[in-house]
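In the text below, chain A, chain B and the rest are named by the order of the sequence lines, each starting its count at 1. Because the structure is predicted, anything quoted here is derived from the model rather than measured.
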Amino acid sequence: MQFDTSSLIPVLPEIFILTAACVVLVVDLFLKDEQRVISYGMTQISLLLAIVITLMTAPAETRIVFDGSVVRDGMSDILKIAIFIISGGAFLYSKEYLRDRDLFKGEYYVLGLFAVLGMMVMVSANSFLTVYLGLELLALCFYALVAFNRDSEDGSEAAMKYFVLGALASGMLLYGISMIYGATGSIGFQAVSEGLANPDVNKMVLVFGLVFVVIGLAFKFGAVPFHMWVPDVYQGAPTAVVTFLGSTPKIAAFALAMRMLVDGLGGLHGDWQYMLVILAILSMGVGNVFAIAQGNIKRMLAYSTISHVGFILLGILAGTSKGYTAAMFYSIVYAIMALGAFGIVMLLSRRGFEAENLEDYKGLGERSPWFAGMMLLVMFSMAGVPPTVGFFAKMFVLEAVISIDMTWLALVGVFFSIIGAFYYLRIVKLMYFDRPVDETPLTAGMDTQIALTINGLSMLVLGMFPASLLSLCAAAFG
Amino acid sequence: MTFEKFVFYLFAAILVFAATMVITRRNPVHSALFLVLAFFSSAGIWLLAEAEFLAIVLILVYVGAVMVLFLFVVMMLDIDLATLRAGFIRYMPVGALVALVMAVEIFMVVGPANFGLDKVPAPVAQPAGYNNTEELGSVLYTVYMYPFEVAAVILLVGIIAAIGLTMRRRPETKYQNPSLQVRVKKADRLRVIKMDAED
């Protein structure tokens, strides 16, 4: 059998990021502590080059290489570029935070790049085996990153919980995949979906496997009732890690759901639709209601993540290309919003002080009107207030749900987002209508300030011109 | 009952027995040893299924390396079993009920109703010269090359994560530097002082 070298071109971005991660790993060994910024710079340049390579090698049509293990299509390219940009933003915000806490080490960037690689593998996966390996690569990097601050007891506890529950979820997923293999005799997505079309296929075994796959997926998404790890991990892990963990993996989780449920098990849409309906309603309900009771902003944002996951699931369960487009738009927009919110949390933190409690945000409007404005935009966007982009993200998802005659589900979604608006607007109230408790001036490098400004204003710009991103997402399902 | 069937049921019975013992023994060392027995009997079942490579790897990797390491850790750590076992009786009824329901459901799905010999024919026995290891190797490096490479990256990340999380210089711990020890010269340690002999 001859190996076709042209099949390497579609996976060139993956090869590049892997090489870059290994180079950063080796170069970092020879750096002194005050030269760590070189590892950081190399990481950012690698992400930038990866965007260029992805754009340059973008194929005109869908290409499936490596005997059906990898697929390169429009969706994978857009999601990968979104992952590169948002990961770069997370690394940029976390630089000063890590430096202030003596955590500015090369391993953060090496593991970060490997996590990006894991997400790329997931996004481009074309078989259950590849998707699972990508997921494990991503998860393994995050287990280590959550425990990155080894002197923090909360961090170790969070990492332990994350690891045990994550391993359990992987086991569930694998068990489900084994059932699907048992029924269809294949793990490639095309072969599985062809197997589903066969009338002799054993439906009961398939649905049994599907249940386990959906459970594994819900664990990774952090959807209720498999959300127990989310608040503890968000609270316990260093904020720099949470910024990364809370943003891009949601895009990867969306891709995971699309690849497994739509590409692979699309024939069982009628079965998984109702499973996702239950997960979505519970996630929106529990996420929004529990977030109100939180006094810790990282925990509050964790519950907010859970509620947003409910909305992403709403788009996927619609099962139409309109729904997939809306869910893809939502997951990218959510990643940008989460990045901005945690960026502000890190901006307010300094050596020996974590701006974790809601009181720490009192009077931010007086201390720093500009960044309070950015936080306002992010919070409005999360709450879904027009003209920010969060409003359009919610609207597209609800439209997709209404178009499949599930208006009641859309109403449930609207009801819970109204409840959710309370805790986002409470932050705005604390920032503008309360006296500051803490008068320490905010210090941040010029790069962080510029990035936060772009991040905040993008809420507004994308909200004014939602068609720009939406048409990209729609093209992926054209 | 053919001899093959007899061997299968024998190994299966030992496997179920050993697995039950793993989760019910009080002493973690006993649990670990029963787990070794469970691995041995499942390796036997794999041999029956003509998957000799997997059977050998299971023994070499799991029994030979993982379980020995695990026993080592169990003996080094002082695990407080009383707190681990607290609540076992309390949660037992609920846990047992859930486990029973799950077991019945799983049996209904993977039992003879769906995977009986009439549904899924038994695999054809391979000729005597058949080499399972070679078969695996030929697809592992061709059809499954991409997943294989990703698995290699996962192992690399495992190494980095393990070293990153555990390698640290604690100022209070004393350690030896073998390189310095080897390079030491007589002159560094020994000082010959000339002094007048005393009467």
Going by an N to O cut-off under 4.0 Å, is there a salt bridge joining Asp33(A) and Lys105(A)?
no
Heavy-atom closest contact (Ala139(A) atom, Lys220(A) atom, distance):
CB-NZ, 4.5 Å
Looking only at the side chains, is there a donor atom on one of Arg259(A) and Thr130(A) sitting less than 3.5 Å from an acceptor on the other?
no
Chain B contact via Leu129(A) - which portion, at a heavy-atom distance below 4.5 Å
side chain
State whether Lys80(A) and Glu14(A) are salt-bridged, where the test is any N-O pair (Lys NZ or Arg NE/NH1/NH2 against Asp/Glu carboxylate O) under 4.0 Å.
yes
Quick check for you: among Met179(A), Glu107(A), Met204(A), which has the greatest number of heavy-atom pairs under 4.5 Å with chain B?
Met204(A)
Tell me, side chain or backbone of Val11(A) under 4.5 Å from chain B's heavy atoms, or both, or neither?
side chain
Engaged part of Thr166(B) at the chain A interface, taking heavy atoms whose separation is under 4.5 Å:
backbone
Please state whether the rings of Phe104(A) and Tyr109(A) are parallel, tilted or perpendicular, taking 30° and 60° as the class boundaries.
perpendicular
Residue part contacting chain B, namely of Phe66(A), when any heavy atom lies under 4.5 Å
both
As an exercise: rank Ile160(B), Val150(B), Val157(B), Ile163(B) by heavy-atom pairs under 4.5 Å with chain A and give me the winner.
Val157(B)
In terms of heavy-atom proximity below 4.5 Å to chain A, should Ile154(B) be classed as side chain, backbone, both, or neither?
both
Ile106(B) portion near chain A, given a 4.5 angstrom heavy-atom threshold
both
Where does Val207(A) contact chain B at under 4.5 Å (heavy atoms): side chain, backbone, both or neither?
neither
Using heavy-atom distances under 4.5 Å, tell me whether Val70(A) contacts chain B through its side chain, its backbone, both, or neither.
side chain
